[in-house]
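Below is one structure; the comments refer to it alone.
Per chain, numbering begins at 1; letters A, B, ... match sequence-line order.
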Number of protein chains: 2
Amino acid sequence: MTEPHQCSVDLRLKILGKVPFFGDLSPADLDKINTLFRERGFEQDEVICFAGDPAEQLFVVADGRVKLVRHTLAGKDVVLDILKAGEFFGSLTALGDDVYSETAQAQTSTCILTIGKDSFCQILDLYPPVTLKVINIMAARLRTAQEYVRQLSASPVEARIAHTLLVLCKKFGQATDVGLLIQVPLSRDDLAAMTGTTTETASRVMSQFQKDGLIETGRQWVAILDRAGLEAISEES
Amino acid sequence: MTEPHQCSVDLRLKILGKVPFFGDLSPADLDKINTLFRERGFEQDEVICFAGDPAEQLFVVADGRVKLVRHTLAGKDVVLDILKAGEFFGSLTALGDDVYSETAQAQTSTCILTIGKDSFCQILDLYPPVTLKVINIMAARLRTAQEYVRQLSASPVEARIAHTLLVLCKKFGQATDVGLLIQVPLSRDDLAAMTGTTTETASRVMSQFQKDGLIETGRQWVAILDRAGLEAISEES
DNA sequence: CGACGAATTGAACCTATTCAAAGGGTGTGG
DNA sequence: CCACACCCTTTGAATAGGTTCAATTCGTCG
């Protein structure tokens, strides 16, 4: 059931074209770049790379969902982001004795394209506009992380969960007859790890949201009914 | 007393050479780049750029300390970082409808070098290695921000304050006869805003640390006496 | 249908916040 | 040079928001 994904060559090209920093390249260039990537499939819950391992690869999600996690000594994990097709993770440091700073785990069955950091540097050399885009994306991610910090510092749990739901909705939302369904298997545990709280508290808040008619939710799924309502809560404090 | 700083041309070149992404350039190149920068002085507490303003400049700290702050609706500020000479902030997005995501405030009297984002893009065009370095620095900052997130999510106040003191010590510490003195005017308010807590709690924790012989502290200053002790606390949880 | 993992709910507990008031160092003006 | 005022800091007591631990219910997959 959860067989590792495989992608056709066509799909690979399409995915690489969707990667933000390759978007503007010609098909010929994309084709050349494509040859530098290898492909690997991962089953659900399988770990793609471990925090602390030497960082030698850059990964691009071709299909599926990937969860970026930081571990703590006490075993309380923190989920930093959930990625979809076209997004990348792993080593972005051209050189240095670096290790992966977070663990990447397949949240669904997944297909990943990988490239060695040397090859990636070659690409940057060959296509300067790509480099600029990479900087822009890094800047955007930095801003997101800082916004995350602000929320953790200053907002109560309710607001953080509401905000997280909205972010997920924007990224993974799909209109259905039960509202905007978030296309990610999302447990209370995951949600807690994304908002810096506990499973129980996440559950309580979600129950309340459901009672208030803001969302519809069940085992590993969430649908948003009232975006404006969630926005109001997310701005509390 | 708190006159805006001015820098000599020599100092400017020295500072620009210290900026991580210009470090490897030849003196001639540095000189050329220098002409693209303007200089501005700021007094203590003066705001250099406001969060929300159109982001058109990149700033480099030439002298002094600069505090990066995010504001919340409730007026509870969050301090994201404190910068010293050679560090940069402001617009790093080459293009787009962007605004500054945080307010930058002079924590001491300060000299700042500024460059328009177009000029900065020119530099990136001319010196590809600079671009790579920028990516590396962005990656490092992203990692730092994510570590910050992890701490806020998973560690108690004591650990976060201990950790912050260690980070500041590493960056601003100077050996004196009262221990490693942190060369930044640091109020309990600032510390609270850096660790996502309140002034009162920060004060209590600092008092306890002092009682335990870990630090020596007073009005707007801190010295570290026992690094290992703080490290032990920062790893709690 | 049965069993396991996920989600819910309750109650006690605890950390950190809030509100309030008092103490101290610094720098300024008389 | 001293005194006052201001701001930073400290401390206390009450409160609240969230955690923890434990038990139960629910949903989904095999």
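- Between A/Phe59 and A/Phe89, the ring planes lie parallel to each other; the angle is under 30°, not in the 30° to 60° tilted range.
- Closest contact between the side chain of A/Arg188 and the listed nucleotides D/dG18, D/dT10, C/dT8 involves C/dT8.
- Using a 4.0 Å heavy-atom cutoff across all strands shown, A/Ser207 reaches sugar-phosphate atoms only and no base atom.
- Mapping A/Gly218 and A/Arg204 onto DNA chain C by nearest heavy atom places A/Gly218 closer to the 5' end of the strand.
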| task | In sequence, state the C-alpha distance, the side-chain angles, and the governing distance for B/Asp190 and B/Gln107, and then conclude on side chain to side chain donor-acceptor pair (under 3.5 Å). | result | CA-CA 10 Å; B/Asp190 291 326; B/Gln107 194 156 27; 3.1 Å; yes
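- Note on B/Gln220: only backbone sugar-phosphate atoms sit closer than 4.0 angstrom, heavy atoms only; bases stay farther off.
- Of the side-chain N and O atoms in A/Thr199, none sit less than 4.0 angstrom from OP1 or OP2 of C/dA6.
- Within the nucleic acid shown, A/Arg219 comes within 4.0 Å of at least one base atom, counting heavy atoms only.
- When only modelled atom types and interatomic distance are considered, B/Ser187 and B/Gln220 share no side-chain donor-acceptor pair under 3.5 Å.
- Closest to the B/Glu200 side chain, of the nucleotides C/dA20, C/dA16, D/dC21, is C/dA20.
- Judged by the 6.0 Å distance and 45° axis criteria, B/Arg141 is positioned over the aromatic ring of B/Phe88.
- Backbone-only engagement by A/Ser187 is indicated by non-hydrogen atom pairs under 4.0 Å involving sugar-phosphate atoms exclusively.
- B/Ser203 comes within 4.0 angstrom of a nucleotide base, judged by non-hydrogen atoms across all strands.
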